[in-house]
Amino acid sequence: MQVEKFYYDNRIVKQFAFATILWGVVGMLAGLLIAVQIYLPAANFGLPFTTFGRVRPVHTNAVIFAFVGNGIFMGVYYSLQRLCKARMFSDVLGKIHFWGWQLIIVLAAVTLLAGYTSGKEYAELEWPIDILIALIWIVFGINMFGTILKRRESHLYVAIWFYIATWITVTMLHVVNSFELPFSWLKSYSFYAGVQDALVQWWYGHNAVAFFLTTPYLGVMYYFLPKASNRPVYSYRLSIIHFWALIFLYIWAGPHHLLYTALPDWAQSLGTVFSIMLIAPSWGGMLNGLFTLRGAWDKVREDPILKFMVVAITCYGMSTFEGPMLSIKSVNAITHFTDWTIAHVHVGALGWNGFLTFAILYWLIPRIYNTPLYSKKLATNHFWIGTIGIILYVIPMYWAGFTQALMWKQFTPEGTLKFQFLETVTHIIPMYITRSIGGLLYFSGVLMMVYNIVKTVKAGSLIADEAAEAPALEKHVETHSKQYWHRWIEARPIQMLLFSLVAVAIGGILELVPTFLIKSNIPTISAVKPYTPLELQGRDIYIREGCYLCHSQMVRPFRDEVARYGEYSKAGEFVYDHPFQWGSKRTGPDLARIGGKYPDSWHFNHMQDPQSMSPGSIMPSYTWLYENKIDTAITPAKIRAMTTLGVPYSKGYDLQANADLFEQAKKIQTGLKAEKLEAGTNTEILALIAYLQRVGADIKNVSKPTVDALTN
Amino acid sequence: MTKQSLMKKNKGIMKFIHYLETITGVDIYGLSSLTIFFTFFVGMTIWVMTSDKKSLEKINHLPLDN
């Protein structure tokens, strides 16, 4: 058999590795900044683009799509070539992929800081960037499949399965969740509204965790763990079950983000059941990883790379155990909207993704630079400081979440709420401070890694094209009849792609379709009317400033929430909400019933100087809203877009909208003036006040069901 | 006020809890999910269990021989 000589492309691996490090530093710095802002509102610097609501999406997007994203590509480009015994399909596509992805990241950072956001968590990027992401993702897909198709190894190792499933599922999620109607070059409204938008968003959001932060990293784990420990995976059978069960189950779990909300009950239960079932494949994967190291624990004691891997896999196990627990309704009733969620995701992000990335970087850089790591000791120190950082980060956050939830729910013997919302916040500020110290430690570990890698790179020289040889793949592989149907799928990437797609699409369709079918009879509440043009503008300002990142708009049907906020939220209230703004975290109180709760003057003073109205508040001030004029030129386009999406504005209303807008703004301005508050004509604060006074106010006019009707 | 009259009065608000009942044949979603799952997992388990051990060993060593 003829042996072919070829070269692995290490240059592209190097580029992705460096990008991983760079964006890791940027993303973590942004995280550190917002962690400090939580207890030190002055750290918002009074500037729109350094305020929490705008930096937070930069942090999440940078960590997920820039740090982990480049980490995925680094791992895939390195391992795929070697597992396929072939150079990447095309160097040009690789370059387009690399530079295209970096361009997306830069555009994302700039637009998010400038306030262009779709208002949907982890999918905040606006439509032109969404299109660019789709294009670059397809380039990656072509490059990956091209490589797989020209491979010299007939078998597809399980890591490649994970890569294939990742690619196809992310494509599906991105396309479905990004349906939006543009009304300007950088702005659009979500195609979906209210309950449907929430369901699609969390179907996407949860699977962004599953198929961006988990499956590709599992693929990477299945390659690099055997490499680093120099032994094959404990059980290949288990890895197959792990793969299919995981991708099949994950896709259904999204609704656990919406427990006790206005989402239909059946969808909530579905999410819970599948989330609990997920423990099995997740732990199968974790145990497979840890058992791989059986008999090699002496190596773990000495090798920082294996240390990182062990903690990463353990964190994977912890967060995938915790996830299902958090999906149980009674547990979720306590944890949801609190810092518990923040702790949970950081076990995953800092432990699983972060540590696995560091392990791979420490393993890979010396190899492609053909030199030993500059300092093993420094890497070990990085490991310890990082581990302490994680502990100092997550324990205070668990504590804070649990404490705050209990305080929210506490009643006095007289039957009134024991604590004001603000008291529950000031109580946990020490935890916030400790958390930021944990984050700082973790970050300083990363800086140690940067130094270590810079030194390593300087000492070595890049083997840009690494020589390798392998026999060409025979066209017809002889299989025994018994083996035939195993091989039929296992060795055929296209079948694998289609099977993965079927597996994830079934879950997606069965979960989403029923909610769409009910669109025609979503319980309309006759009192719920479309927003006025001024309120709509105000709502877009609310989205622009990222208010939803700290304030939910979803009163769950609990005694304490009804007592604190008012009537619990109904599905029919959100039919005109493109996008929905239910939120996922209550750093501040829920706003679903804020409308009519305070006078306009309260909001006016509060937005300018929150501490003046609520002493001790940790909300930043929004002084620029008092100078910026409402962009009224865009009002007609906004109304037209909403009309297209089915909001019943009367025909030709787009042209009258601004007249109504000016009138309503004038009215609020005059009202404020009566209280000796000077608001500039048509300033953004007027729109925001109009919106806040409208939120949840519609059904206040409707007769409420009595306790009798609810309990019988 | 009787329960019926209350229910009637609150129909506008409370109707939403029955939404699924209004879709014809909604049961098929639940039943088909269960069936697909069951078949899929049984199929997968059989597939894995009957896989040729030698060939699995070979695949398992792929990361190590490059």
Once side chain to side chain donor-acceptor pair (under 3.5 Å) is applied, do any residues pair with A:D9, and if so which ones, sequence neighbours excluded? none
Under 4.5 Å from any heavy atom of chain B, what part of [X] do you find: side chain, backbone, both or neither?
X      : answer
A:Y222 : backbone
A:F243 : neither
A:A159 : neither
A:Q81  : neither

If I take atom [atom1] from residue [X] and atom [atom2] from residue [Y], how far apart are they, to the nearest 0.5 angstrom?
X      : Y     : atom1 : atom2 : result
A:E153 : B:I59 : CD    : CD1   : 8.5 Å
A:R231 : B:H61 : CZ    : NE2   : 10.0 Å
A:F248 : B:F41 : CZ    : CZ    : 7.0 Å
A:L249 : B:F40 : CG    : CZ    : 9.0 Å
A:Y157 : B:K58 : OH    : NZ    : 14.5 Å

With no hydrogens and no angle check, is any side-chain donor or acceptor of A:R237 less than 3.5 Å from a backbone partner on B:S51? yes
Does any N or O in the side chain of B:N60 come within less than 3.5 Å of the main-chain N or O of A:S235, such that one atom is a donor and the other an acceptor? no
More than 12 heavy atoms of other groups within 6.0 Å of A:K5 NZ: yes
For A:Y260, look at atom OH and say whether over 12 heavy atoms of other residues, nucleotides or ligands are found less than 6.0 Å away. yes
Closest non-hydrogen contact found for B:P63 with A:Y223 is CB-CD1, 3.8 Å
For a 4.5 angstrom cut-off between non-hydrogen side-chain atoms, does A:N230 reach B:L64? yes
State, yes or no, whether a side-chain contact exists between B:L56 and A:I240 at a heavy-atom distance under 4.5 Å. yes
